[in-house]
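Residue numbers begin at 1 in each chain, while the letters A, B, ... track the order of the sequences.
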Amino acid sequence: MRYNERELLSLARQPAEKAAEILMRVPKKGSVLKKRLVKLVVNFLFYFRTDEAEPIGALLLEHCRITKEEENVFSISFVEEPERKYCFECASEEQCQEWVEALKRASYEFMRRSLIFYRNEIQKMTGK
Amino acid sequence: MKLNERSLAFYATCDSPADNTGFLYKRGERHTAYHRRWFVLKGNMLFYFEERESREPVGVIVLEGCNVELCDSAENFAFAIRFSGAKCRTYVLAAESQAAMESWVKSLSRASFDYLRLVVRELEKQLEEVRWGPSGGYGGCQGPSGSWKLKSSVLEQSRERLLALPTVLPKENSCAVWNNTPGVCQPPNTSGCNECDDEGNPRPPPLPPRRRASSSEVGSSRASGAESLSTFCHLHEQYGQEVAQLRQNWLERKRGPQP
């Protein structure tokens, strides 16, 4: 699939909602946990080798499932392939919880539901 | 750079509602011929397919950091998606009618995540004003600093009480999790899925991140320019009523909309 890579790379350089060095494992046979710089920008999760300016990859966080796994660990999978998990091992349980919360709220669809929610609330209280 | 292409393709073709769809002519990058493609806009992703029935998109344009503008072109009903930044591309598209062009320009202009976030934050501010009153209303206090501290701590406490109310989810239910308290664990059967709950009802979201750190600042900012309230009893009653109303709202939401 073609995509506007230059613009996406530019997006990866924008200020992040959240960024940290986290151990990450991709759902590929034989892959192991590797230290990555993980950066959340709008509804994308970019991941970089810690000494590189350009990301190795990006995950669009739509129709995905964020799951708390064992201690310090969470995973991201996508609804059409729930067994294929991107695993992340954090430095602490607290960091893990923060990332889970942030990622659950990161999708465009979630933002859209927030919009509907606030509109409804305002309407309820003002009748407008 | 790798992208989760399979998931992207699934997102493009699944039956989640699109913000706009239709045929558009897309000008090629190197060759200036226009190709007719089927376009699907979902959120900030503009997918394009060879045919309407194609199983997989030819490509996608991520719509962050761009401007949508009308453009001069030999082609009628043309418009452009222009990205800022060196070497960044401009996509020239053409619709098949004036109405289609206007509809696309409108939906593409509002498609970015950034824009949506701005709108949500604005609404959130409005909701705060509606709930607690604008700064010119009863919400503030110009009494001695002692009573001001009392007011802001009353606000804090009522907020925390509300947020700390139990949010245990029945297993198969559509009830939302709306718990903004940091460090509180989600019940184990909370779906981690970003999608709607099982019944397709919107989940009321937790307040956006910046609210957490600044909830006391919010209380403070309301002090400025407000009328003074004469007695503690008045204050107490005022907040008591609001807390009761908010709790009522919360209980209604917890019950969920009736089918």
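Your options are A/Y3, A/F74, A/F46, and the one with the most heavy-atom pairs under 4.5 Å with chain B is A/Y3. Annotation: maximal heavy-atom pairing with chain A below 4.5 Å, among B/F113, B/F10, B/Y11, occurs at B/F113. Highest contact tally toward chain B, considering only A/E81, A/E93, A/E94, is held by A/E81 [criterion: heavy-atom pairs under 4.5 Å]. Of the residues considered (A/L115, A/L9, A/V42), A/V42 shows the highest number of contacts with chain B, using heavy-atom pairs under 4.5 Å.
Using a 4.5 Å cut-off between non-hydrogen atoms, no part of residues 27-39 of chain A approaches chain B.
A/Y108 contributes no side-chain N or O that, together with a main-chain N or O of B/K42, makes up a donor-acceptor pair within less than 3.5 Å. Judged purely by atom type and a 3.5 angstrom limit, A/E5 uses its side chain to pair as donor or acceptor with the backbone of B/M1. A donor-acceptor pair is defined here as one N or O able to donate and one able to accept, closer than 3.5 Å; no such pair exists between the side chain of B/E64 and the backbone of A/S10. A donor-acceptor distance shorter than 3.5 angstrom exists from the side chain of B/E5 to the backbone of A/M1, with no hydrogens or angles considered.
Shown here is B/R82, whose CZ atom has no more than 12 heavy atoms of other residues, nucleotides or ligands within 6.0 Å. The neighbour count for A/E54 CD, taken as heavy atoms of other residues, nucleotides or ligands under 6.0 Å away, does not exceed 12. Remark: B/D15 CG is loosely packed, at most 12 non-hydrogen atoms of other residues, nucleotides or ligands lying under 6.0 Å away.
Looking at B/A9, the atoms closer than 4.5 Å to chain A (heavy atoms on both sides) sit in the backbone and in the side chain alike. Within the 4.5 angstrom heavy-atom criterion, atoms from both the backbone and the side chain of A/L59 approach chain B. At a 4.5 Å heavy-atom cutoff, the contact between B/C14 and chain A is made by side-chain atoms alone.
The ring-ring contact (aromatic ring centres under 6.0 Å, His included) test applied to B/F79 returns no partner, not counting sequence neighbours. Every residue two or more places apart in sequence or in another chain was checked for a side-chain hydrogen bond (donor to acceptor under 3.5 Å, both in side chains) with A/E71, and none qualifies.
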**Asked** Are A/E17 and B/R117 close enough, and set up right, to give a side-chain contact (heavy atoms from CB on, under 4.5 Å), and what steps lead you there?
**Response** CA-CA 12 Å; A/E17 271 291 307; B/R117 185 161 47 190; 3.1 Å; yes

**Asked** Given the rule in the side-chain contact (heavy atoms from CB on, under 4.5 Å) test, do A/R112 and B/D19 qualify, once you have shown the distances and angles that lead to the verdict?
**Response** CA-CA 12 Å; A/R112 216 200 285 267; B/D19 294 295; 2.7 Å; yes

**Request:** Could you walk me through whether A/E80 and B/S7 pass side-chain contact (heavy atoms from CB on, under 4.5 Å), step by step?
**Result:** CA-CA 7 Å; A/E80 78 282 0; B/S7 314; 3.1 Å; yes

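Between the CD atom of A/E62 and the OG atom of B/S16 there is a distance of 8.5 Å, given to the nearest 0.5 Å. Note: A/N120 CG to B/L127 CG = 10.5 Å, rounded to the nearest 0.5 Å.
Side-chain contact check for A/F44 versus B/V62: some heavy-atom pair is nearer than 4.5 Å. Using a 4.5 Å heavy-atom threshold, the side chains of B/R89 and A/N4 count as separate. Looking only at side-chain heavy atoms (C-beta outward), A/E7 and B/C66 stay at 4.5 Å or farther from each other.
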With a 3.5 Å cut-off and sequence neighbours excluded, list the donor-acceptor pairs that the side chains of residues 46-61 of chain B form with protein atoms.
| from | atom 1 | to | atom 2 | distance (Å) |
| --- | --- | --- | --- | --- |
| B/S54 | OG | B/E51 | N | 2.9 |
| B/S54 | OG | B/E51 | O | 3.1 |

